[in-house]
Amino acid sequence: MIISLFSSTSVPSTDRLVLFFGQAMVVGAALLIALALVYFKKVGWLWKNWVTSLDHKKIGIMYLVVAGVMLLRGLADTVLLRFQQATSSGTSHGIVSSNHYQQIFTAHGTMMIFFVAMGLVFGIINLILPLQIGSRDVAFPLLNNLSFWMYAAGAILINLSLVFGGEFAATGWLAYPPLSELQFSPGVGVDYWIWSIQIAGIGTLLSGINFITTILTKRAPGMTMMKMPVFVWSVLAAMTLVAAAFPILTVTLVLLTLDRTIGTHFFTTAGGGNAMMYVNLIWAWGHPEVYILILPAFGIYSEIVATFSRKRLFGYASMVYAIIAIAGLSFLVWLHHFFTMGAGANVNAFFGIMTMVIAIPTGLKVFNWLFTMYRGRINFASPMIWFIGFVITFSIGGAAGVMLGVPPIDFQLHNTLFLVAHFHTMIIGGALFGYFAGIAYWFPKVFGFKLDEKLGKIAAYLWIAGFICAFTPLYILGLMGATRRLDHYDASLGWQGLFIVAGVGVVIIFAGVGVQLLMFYLSIKNRKKNLDTTGDPWNGRTLEWSTTSPAPVYNFAIIPTVADRDEFFRVKQLGVTQSKRKFTAIVMPNNSSFGIFMAGWALMFAFSVIWHFWPTIVLAIVGSIATFVLRSFNDDITHIIPAAEIEAIENKRVGALL
Amino acid sequence: METSMYRSRAFKAYVFGFVSSLIFTLIAWGIVRKHEMSGHLVYSHFFIRISILVFALLQMIVQLVFFLHLGREKKPRWNVQALLATVGIILILILGSIWIMNNLNYSMMNMTPSQADRAF
Amino acid sequence: MTKTSILHNEIQKETETSLLGFWIYMMTDCIVFATLFAVFIVLRNNTSGGKSGADLFSLPFVLTETIILLTSSFTSGLAMLAAQRSRLKDTLIWLLATGVLGAAFLSLELNEFSKFDHSGSSWRTSGFLSSYFTLVGTHGLHITIGLLWLLAIIGYLFKKGLNEVIVRRLTMFSIFWHFLDVVWIFIFTVVYLLGVN
């Protein structure tokens with residue numbers, strides 16, 4: 001095994017310095033966390049209360065913590081990328097070499113999509129979904145815990161690439177062959193890429209199955225499909241896409257792995273391989289993936305706009321149909337990612353038209369949100385600020401997307417900065433703003449106190465302004481012909497000014513991140529002043545607001561019976577008072593270390609395959625089978641919370657309505 | 001007295017499924033075998049493709065209904081819906097991939113249409 | 001309510017949930033195979049100077065394999081029937097039959113792979129062979145995992161007999177095993193029957 005603290009080939013000394021700082025950051029952070037845990041004697045507490053917990057609320061928090069850390073990692077890459085492009089013009093070559101730059105943008109994309117966006121999605125779904133449908137937990141709590149640890153293992157693996165090997169894929173975040181084949185990427189970088197997303201991807205697939213089953217079988221009595229909150233519909237659609245698309249990713253990555261390790265010829269240049277088939281398959285996954293990222297955000301906006309406009313969501317049924325339409329159509333557009341690969345006009349036209357069609361239900365949703373606001377009594381709390389930022393940015397970026405969906409235009413704009421600006425608008429303006437809004441909105445439900453609203457708004461304004469400043473130049477540069485992924489460009493092109501403006505935008509975003517961190521710190525410090533004592537700080541409409549903040553471990557002492565949409569709001573309007581409630585014992589699952597062990601074996605397996613170290617490959621396989629068999633023979637996997645204990649917990653709260 | 005398991009309706013359903021699957025397998029195999037033995041002369045390419053695909057689909061339906069009891073559970077029949085959705089995705093993925101990959105040679109110069117079709 | 005009766009209710013509710021979850025997993029597995037089929041179809045003519053399906057495949061051989069697997073699917077159904085009627089002995093007999101037939105199928109397939117490999121047609125030879133070995137091999141890997149699973153179920157039945165939990169697991173196994181035969185229908189048709197032409 002190679003621990004490489006300095007890259008070996010001749011590179012500028014800044015290159016090595018940047019690499020060294022990256023390695024120091026990963027090693028330093030890991031050591032710091034480990035030492036802190038031991039020093040404060042929290043290892044046992046962490047194991048019992050978090051690591052082995054099957055509680056969806058705890059798992060959700062863990063997802064968000066890892067996603068937050070990976071966001072900072074990805075933003076570090078962003079700074080390097082923007083700085084390089086702002087300075088590397090003419091005779092200057094910036095701070096990193098070409099090959100290093102390529103690894104940075106590959107890592108940036110991979111981390112942001114698989115470990116930040118997906119982490120935020122699954123974190124929020126975990127926290128809120130069971131509460132919104134009136135259930136005690138997800139359908140398969142053990143699987144849920146396993147999914148989180150698989151995600152975490154993937155995140156650990158991608159960070160390990162810095163320390164062990166000092167190399168990542170230099171292929172772009174989708175690692176097209178033949179560049180990603182062994183012939184042209186002989187090092188371990190591509191293997192790290194493959195395995196970190198393969199492991200995380202399996203976790204995601206399991207979660208998809210879990211959440212679909214949860215929504216279909218665990219809704220509170222009376223909650224028919226058309227009475228579910230729109231957020232739940234968006235999760236159902238997104239998870240259906242997960243179940244349909246992630247198997248394609250799994251297979252495609254396996255085939256690339258086989259090419260690299262065994263010498264098969266799926267995507268090689270020689271021996272009858274077809275690299276274009278990789279592009280076809282990876283985008284057959286890739287396009288549904290981006291809808292997986294955006295649909296839950298759309299669901300969050302539906303909840304937030306209704307609550308903060310103090311008005312029922314406009315056009316519930318059409319919102320549901322739009323979600324279903326978007327999910328279905330997302331499987332019919334994937335070729336628009338490779339219009340220029342050589343298909344004829346018929347094929348390009350079909351997929352171009354379908355791409356434009358998918359904008360229609362999306363636009364419908366935006367109008368319905370605006371119609372919800374119309375004649376509402378709007379409370380411009382920070383979630384609404386994020387929503388407004390979304391409407392402005394996403395509309396423009398979406399229009400850019402429709403442009404790109406026209407093949408002749410795409411022939412000019414494919415792989416330019418116009419494309420880069422478009423998809424960042426979708427993911428940041430669309431998805432990320434939505435998840436930030438969701439976090440601000442549901443934070444009190446999870447932790448029992450509100451986040452500092454003033455700082456939250458400032459952060460939102462900084463992010464929105466910073467985003468516009470960072471990406472408008474990129475739209476312009478793309479139209480001027482600037483290709484993506486350039487680590488250096490000719491001074492005569494006159495692009496540097498725009499790149500510098502983009503760099504300033506990133507600085508503004510960073511200020512926004514700084515304010516967010518300050519917001520978390522101060523909110524926690526002053527939490528006693530912002531306590532949510534009622535469980536319903538925003539005058540909410542859906543079932544999660546009927547519990548305490550935070551909800552008890554069993555969520556609902558008595559599973560509610562639902563009569564209509566926005567059931568909680570309806571009950572509040574009726575002014576129903578609770579008659580004396582009779583409690584029964586509740587069965588809860590025991591903690592389990594199954595998840596972290598299986599993910600640990602997966603991590604060992606992956607690391608061993610990357611370095612071709614057979615003993616631990618075998619050990620990982622044997623270990624995972626053993627862990628599995630041990631679990632299946634364990635019959636004592638639940639415990640009962642007696643009715644008296646539930647009564648004691650419930651009596652401590654004031655004014656329960658349901 | 002309880003009917004013997006081997007006289008029940010359920011058992012007969014399994015036997016029916018087994019025997020029909022066997023028949024469909026043998027017919028499809030037989031067609032191809034005959035064609036092979038005749039030096040690839042007796043049937044057209046088109047006939048073979050269509051007929052064996054038809055028998056494959058028939059056998060799949062028989063096995064789904066008689067072995068996997070599809071459609072048996074009470075409403076809402078999530079398993080049927082899930083299967084239909086999956087079949088849809090599979091068709092899009094496979095037929096779409098074939099169409100796309102085939103079409104990539106559309107613009108290649110100095111190729112006859114059949115060459116363009118063959119050479120991926 | 002006693003602890004046993006509370007847990008009994010839970011187990012019954014769980015069965016419905018577990019079976020739906022497993023069915024949905026099975027759907028994702030079908031998409032795995034669909035992807036492998038797509039790759040096979042696209043690469044089917046990329047023999048790169050090596051052998052093609054027509055050169056390699058033997059129709060009588062594949063018919064034998066197919067009938068063996070089909071019969072094992074039938075016997076697994078009978079095992080389910082017996083389990084639902086709480087007939088432990090019949091369940092074990094039909095499960096053992098399933099296992100023996102499944103193992104026979106697997107050994108025939110491994111034999112075929114080995115024959116191809118030793119005669120110079122390995123999965124490193126061409127795109128066609130890479131996709132052939134991977135598609136059929138993935139099916140074989142599923143069969144292997146199924147056999148190990150079957151072994152564990154048989155072991156459990158010997159030790160603890162029939163109960164709600166094991167019947168649920170057996171139901172999931174039989175769904176798995178039936179689907180493997182459905183996938184094989186298409187491998188038989190697309191890979192072998194179309195391949196010999």
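Here is the naming used below: chain letters follow the sequence lines, and residue numbers restart at 1 for every chain.
Checked for salt-bridge contact, A:Asp259 and C:Arg124 miss the test: no charged N lies under 4.0 Å from a carboxylate O.
Per-residue heavy-atom pair counts under 4.5 Å with chain C were compared for A:Ile209, A:Thr217, A:Leu206, A:Thr268, and the maximum is reached by A:Ile209. Each of A:Ile248, A:Ile262, A:Val629, A:Thr252 has some count of heavy-atom pairs under 4.5 Å with chain C, and the biggest count is that of A:Ile262. The candidate from C:Cys30, C:Gly49, C:Gly127 with the greatest count of non-hydrogen atom pairs under 4.5 Å with chain A is C:Gly127.
Between C:Thr28 and A:Thr250, every side-chain heavy-atom pair lies at or beyond the 4.5 Å cut-off. A heavy-atom distance below 4.5 Å is found between the side chains of C:Trp123 and A:Leu258. A:Thr213 has its side chain out of reach of C:Glu16: every pair of non-hydrogen atoms, C-beta onward, lies at least 4.5 Å apart.
Contact of A:Leu143 with chain C is not made at all, since no heavy-atom distance falls under 4.5 Å. The part of A:Asp635 that comes within reach of chain C is its side chain, from C-beta onward, which places non-hydrogen atoms under 4.5 angstrom from that chain. For C:Ser18, the parts lying near chain A are the backbone and the side chain together; criterion is any non-hydrogen pair under 4.5 Å. For C:Thr134, the part lying under 4.5 angstrom from a heavy atom of chain A is the side chain only. Within the 4.5 angstrom heavy-atom criterion, no atom of A:Ile625 approaches chain C. For C:Ala38, the parts lying under 4.5 angstrom from a heavy atom of chain A are both the backbone and the side chain. Only the side chain of A:Ala585 comes within less than 4.5 Å of a heavy atom in chain C; its backbone stays farther off. Proximity to chain C is limited to the side chain of A:Phe140, based on heavy atoms less than 4.5 angstrom apart.
Taking OG1 of A:Thr264 as the start and CG of C:Leu129 as the end, the distance is 11.5 Å to the nearest 0.5 Å. C:Thr35 OG1 to A:Leu255 CG: the interatomic distance, rounded to the nearest 0.5 Å, is 8.5 Å.
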(request) Take C:Arg169 and A:Ser632 through the side chain to side chain contact (heavy atoms under 4.5 Å, CB included) test and state the conclusion after the steps. (result) CA-CA 10 Å; C:Arg169 290 181 184 172; A:Ser632 68; 4.2 Å; yes
(request) For side chain to side chain contact (heavy atoms under 4.5 Å, CB included), just list the numbers for C:Val39 and A:Met277, CA-CA rounded to whole Å, side-chain angles, deciding distance to a tenth of an Å, and then say yes or no. (result) CA-CA 7 Å; C:Val39 173; A:Met277 187 55 177; 4.2 Å; yes
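Considering every non-hydrogen atom in both C:Ile31 and A:Ala243, the closest pair reads CD1-O, 4.1 Å. Of all heavy-atom pairs between A:Gly273 and C:Leu43, the closest is C-CD2, 4.5 Å.
Of the possible polar contacts, none joining the C:Ser126 side chain to the A:Gly272 backbone as a donor-acceptor pair under 3.5 Å is found.
Residue-environment remark: OH (C:Tyr156) exceeds the threshold of 12 foreign heavy atoms within 6.0 Å.
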